[in-house]
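Everything numeric here is computed off the predicted structure, so don't read it as measured data.
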Amino acid sequence: MADQPFLTDIKTLRERARQHIENGAVTQGYSADRETVIKLLNEALATEIVCVLRYRRHYFMASGINAESVAAEFLQHSNEEQGHADQISQRIVQLQGEPNFNPEGLLTRSHAEYVEGTSLTDMIKEDLVAERIAIDSYREMINYVGNDDTTTRRMLEGILAMEEEHADDLVNLLQEMGA
Ligand SMILES: [Fe+2]
Ligand SMILES: [Fe+2]
């Protein structure tokens, strides 16, 4: 082990870091396609915002015999989706992009749909469908990013794990309600 062939030598590393310091966290070693990653993250951001809104609506509209516990779950999910939206926005900025909060075209950018639903069961089912869409799209994004942007990947993995929890919560609610 005379040298470490897979690591960049210190001199080159130091020189490279001094170039384009305005790019902040994005260094020359960043091997992902930054524009594409930002575009994908903006689609995920739109999805999260739509999920915040849908869960919020369901929280306020939940009524009936099981309403209280279900509404509490809707509110918690809504807040957690907001947390995801914030994480994603932060990462977009770190990547020298701009988070897209434009209400115009939000539903087109979003993977998940905004369905109001009438009964409590309808609402839970629609939320479950949206979670399943989110799960698949996050999984695809994780595979796309691979080892080229491990920070984004770790963030997406964390979010994916929570969407899976959300889906699981909703399935349990449906079972408890005998739906
Ligand atoms: Fe989310
Ligand atoms: Fe979720």
Side-chain angles (χ1 to χ4, degrees), residues 1-56 75-114 127-170:
M1 285 279 285
D3 53 2
Q4 299 162 301
F6 55 92
L7 291 178
T8 308
D9 68 273
I10 291 174
K11 185 166 169 287
T12 312
L13 211 56
R14 286 179 178 168
E15 276 169 6
R16 277 202 324 210
R18 285 183 183 280
Q19 294 158 7
H20 307 293
I21 54 171
E22 71 280 5
N23 289 338
V26 182
T27 61
Q28 262 186 50
Y30 184 82
S31 56
D33 176 351
R34 202 172 50 87
E35 303 275 306
T36 306
V37 173
I38 290 168
K39 184 177 168 286
L40 292 174
L41 289 178
N42 263 319
E43 286 173 15
L45 174 60
T47 304
E48 294 292 352
I49 296 170
V50 167
C51 289
V52 170
L53 297 174
R54 198 194 52 254
Y55 272 125
R56 218 70 180 179
L75 180 61
Q76 193 194 327
H77 286 198
S78 177
N79 292 337
E80 284 167 350
E81 311 302 11
Q82 182 62 61
H84 297 162
D86 292 343
Q87 274 182 275
I88 293 166
S89 304
Q90 185 120 52
R91 185 59 186 156
I92 291 172
V93 172
Q94 274 182 359
L95 291 174
Q96 310 293 308
E98 292 181 12
N100 189 350
F101 282 94
N102 194 339
E104 206 169 86
L106 187 63
L107 269 176
T108 319
R109 297 195 300 278
S110 165
H111 301 133
E113 292 168 292
Y114 179 87
D127 291 330
L128 180 53
V129 169
E131 294 291 353
R132 287 165 59 82
I133 291 170
I135 288 168
D136 269 346
S137 66
Y138 278 120
R139 196 174 285 132
E140 276 185 30
M141 271 185 261
I142 290 164
N143 289 337
Y144 170 77
V145 171
N147 289 323
D148 293 327
D149 180 345
T150 47
T151 308
T152 298
R153 196 189 67 206
R154 272 190 291 120
M155 177 191 75
L156 295 172
E157 284 171 347
I159 296 175
L160 170 62
M162 197 173 275
E163 309 304 7
E164 288 176 342
E165 267 179 48
H166 286 172
D168 196 45
D169 291 343
L170 295 169

Counting C-beta onward and ignoring hydrogens, is there a side-chain heavy-atom pair between I88 and P99 closer than 4.5 Å?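 They are not in side-chain contact.
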Any L41 side-chain heavy atom under 4.5 Å of L95 side chain: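 A side-chain contact exists here, since the closest heavy-atom pair is under 4.5 Å.
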For a side chain to side chain donor-acceptor pair (under 3.5 Å) with Q94, tell me which candidate from Q90, Q96, R91 qualifies.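 For Q94, the side chain to side chain donor-acceptor pair (under 3.5 Å) test succeeds with only one of Q90, Q96, R91, which is R91.
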Check: [X] side chain, [Y] main-chain N or O, donor-acceptor pair, under 3.5 Å:
| X | Y | value |
| --- | --- | --- |
| D149 | A32 | no |
| T47 | H111 | yes |
| R132 | A167 | no |
| R153 | G146 | yes |
| R16 | T27 | no |

Look at K39 together with E43 and state whether they make a salt bridge at an N to O cut-off of under 4.0 Å.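 Yes, K39 and E43 are salt-bridged.
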Should E163 and R139 count as an ion pair when the cut-off is N to O under 4.0 Å?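 A salt bridge is absent here (no side-chain N lies under 4.0 Å from a carboxylate O).
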Separation between CD1 of I49 and CZ of F101, rounded to the nearest 0.5 Å: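 Between I49 CD1 and F101 CZ, I get 5.0 Å after rounding to 0.5 Å.
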Could you give the distance from CD (E157) to CE (M155), rounded to the nearest 0.5 Å?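 If we round to the nearest 0.5 Å, E157:CD and M155:CE are 10.5 Å apart.
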Just checking, any donor-acceptor pair under 3.5 angstrom between side chains of E80 and Q76?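 Note: E80 and Q76 side chains meet the donor-acceptor criterion.
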Any side-chain donor near an acceptor of the partner, H84 and E81, under 3.5 Å: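 Yes, E81 and H84 have a side-chain donor paired with an acceptor closer than 3.5 Å.
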Exercise: identify the closest heavy-atom pair between E98 and N42: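 Taking every non-hydrogen atom into account, O-ND2, 3.2 Å.
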Kindly assign one of parallel, tilted or perpendicular to the pair H166 and Y55, based on the angle between their ring planes and the thresholds 30° and 60°.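 Aromatic pair H166/Y55 classed perpendicular.
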Can you tell which of T152, L156, L40 makes a side chain to side chain contact (heavy atoms under 4.5 Å, CB included) with Y144?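 Running side chain to side chain contact (heavy atoms under 4.5 Å, CB included) over T152, L156, L40 with Y144 returns exactly one hit, L40.
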